[in-house]
Amino acid sequence: MEILFVIVGLAVGAGLTYLFIKRQLEQMEESHQDKVRRMREDLERDFELRIQTAVQGVQTERDRTIKQLKDDYEQRIATLQSQTGSTRAAAKPAATTTPTPLADPWDNRRNVAPAPTPSPAPAVEPVAAPAPEPAPSPEPAAAEPTPKPIAPVEPVVARPAIAQLTQAIYTGDSEVRAEVASELANHLMGAEAEQSLALLEKLAGDRLATVRVAALETLADAQIPDTIPVLEKALRDANPAVVRVASQGLLGMKGEAIAPEWIPDTLPSNGVTKAGE
């Protein structure tokens, strides 16, 4: 029985504790909501005050600007009017004409002495005009110089840029690559020399003999010592025309024949390039 009372007491205590805690939570929530409401009202009042202050500042600045514009406009109008008045006054001359006297109809003309009769003017004898002087003979006109013949102006040929030539070496047309090899001879001087030599070295190893020959001919004509390794490498080419061009180029720079003048049409394969190419 005592245990039952204890259990009932615990249950009642737990219920009261729950109610007490619930009441405290409700009070805390009400307090929090009230605090949030006050903060929101303060923020709204502060926001409205700032808005009013900003609006008043803008209105004051606008009124000041309008007043300045109005004063400036009135000042300009007054200046313009004063200038216009002075200009008109200067343009209008002062009238200083003397009034003409009126004739008196009751004037006694009989007492006025008659005007003297004018005497006849003496006759003027004609004067002989002098004989006209003979007109001077016109001087012979100076002979005009013969115009010099104008030398014909050679047309300026626009050469492709090195960037365009760099792109053209990758085309599949062998004739275009051969033309690029010949055109690079015009770019072997100045800032484009190093890049042009690199492109010619690449074309000297092309898969077609016609392109290799064109590149080696450009290098042989240039006579640049830095291209000797490229020409020496071409001596091992399987195509006779390639070897002949490389030999002639090295002959001009080294002073001695690197390969014989006569080369057979077919050479044994040397593992570098096929003879059919």
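No experiment lies behind these values; they were computed from the predicted model shown.
Ile3 and Val12 are assigned to two separate hydrophobic clusters, defined by single-linkage of ILVMFWY side chains at heavy-atom distances under 4.5 Å. When hydrophobic clusters are built by joining Ile, Leu, Val, Met, Phe, Trp and Tyr residues whose side-chain heavy atoms come closer than 4.5 Å, directly or via intermediates, Leu10 is not grouped with Tyr18.
Residues that satisfy the side chain to side chain donor-acceptor pair (under 3.5 Å) test with Arg23, not counting sequence neighbours, are absent from this structure.
Across every non-hydrogen atom of Asp226 and Pro229, the tightest pair is O-CD, 3.5 Å. The nearest pair of heavy atoms linking Ala215 to Ala204 is CB-N, 3.7 Å. Taking every heavy atom of both residues into account, Arg177 and Leu208 meet most closely at NH2-CD1, 3.7 Å. Between Thr218 and Ser182, the shortest heavy-atom contact is OG1-CA, 3.8 Å. Between Ser82 and Thr79 the shortest heavy-atom distance is OG-O, 2.6 Å.
With Lys67 as the partner, the side-chain hydrogen bond (donor to acceptor under 3.5 Å, both in side chains) test is satisfied by one option alone out of Asp71, Asp63, Thr65: Asp71. Under the side chain to side chain contact (heavy atoms under 4.5 Å, CB included) test applied with Val242, the options Val213, Thr210, Leu235 reduce to a single match, Val213.
Between Met28 and His32 there is no side-chain heavy-atom pair separated by less than 4.5 Å. Put simply, the side chain of Ile162 reaches to within 4.5 Å of the side chain of Leu184, judged on heavy atoms. Between Tyr170 and Lys202, some side-chain heavy-atom pair lies under the 4.5 Å cut-off. At least one side-chain heavy atom of Val230 sits less than 4.5 Å from a side-chain heavy atom of Leu219. Residues Lys35 and Arg38 form a side-chain contact, since some pair of their non-hydrogen atoms from C-beta on lies under 4.5 Å apart. Using a 4.5 Å heavy-atom cutoff, the side chains of Leu80 and Arg76 are not in contact. You'll find the side chain of Leu216 stays beyond 4.5 Å of the side chain of Leu200, heavy atoms only.
Between the Ser196 side chain and the His187 main chain, a donor and an acceptor come within less than 3.5 Å of each other. In terms of modelled atom types and a separation under 3.5 Å, the side chain of Thr227 and the main chain of Gln223 share no donor-acceptor contact. In terms of modelled atom types and a separation under 3.5 Å, the side chain of Arg212 and the main chain of Leu203 share no donor-acceptor contact.
Using a 4.0 Å cut-off between charged side-chain N and carboxylate O, Arg64 and Glu61 make a salt bridge.
We find the CG-CD distance between Leu165 and Glu179 to be 11.0 Å, quoted to the nearest 0.5 Å. Interatomic distance, NZ of Lys22 versus OG1 of Thr17, reported as 14.5 Å (0.5 Å rounding). Put simply, CD1 on Ile169 and CG on Leu199 are 5.0 Å apart, with the number rounded to the nearest 0.5 Å. The CD1 atom of Ile224 sits 4.5 Å away from atom CG of Leu197, with the distance rounded to the nearest 0.5 Å. How far CD of Glu194 is from CG of Leu188: 12.0 Å, rounded to the nearest 0.5 Å. Rounding to the nearest 0.5 angstrom, the gap separating the CD atom in Glu48 from the CZ atom in Arg45 is 9.0 Å.
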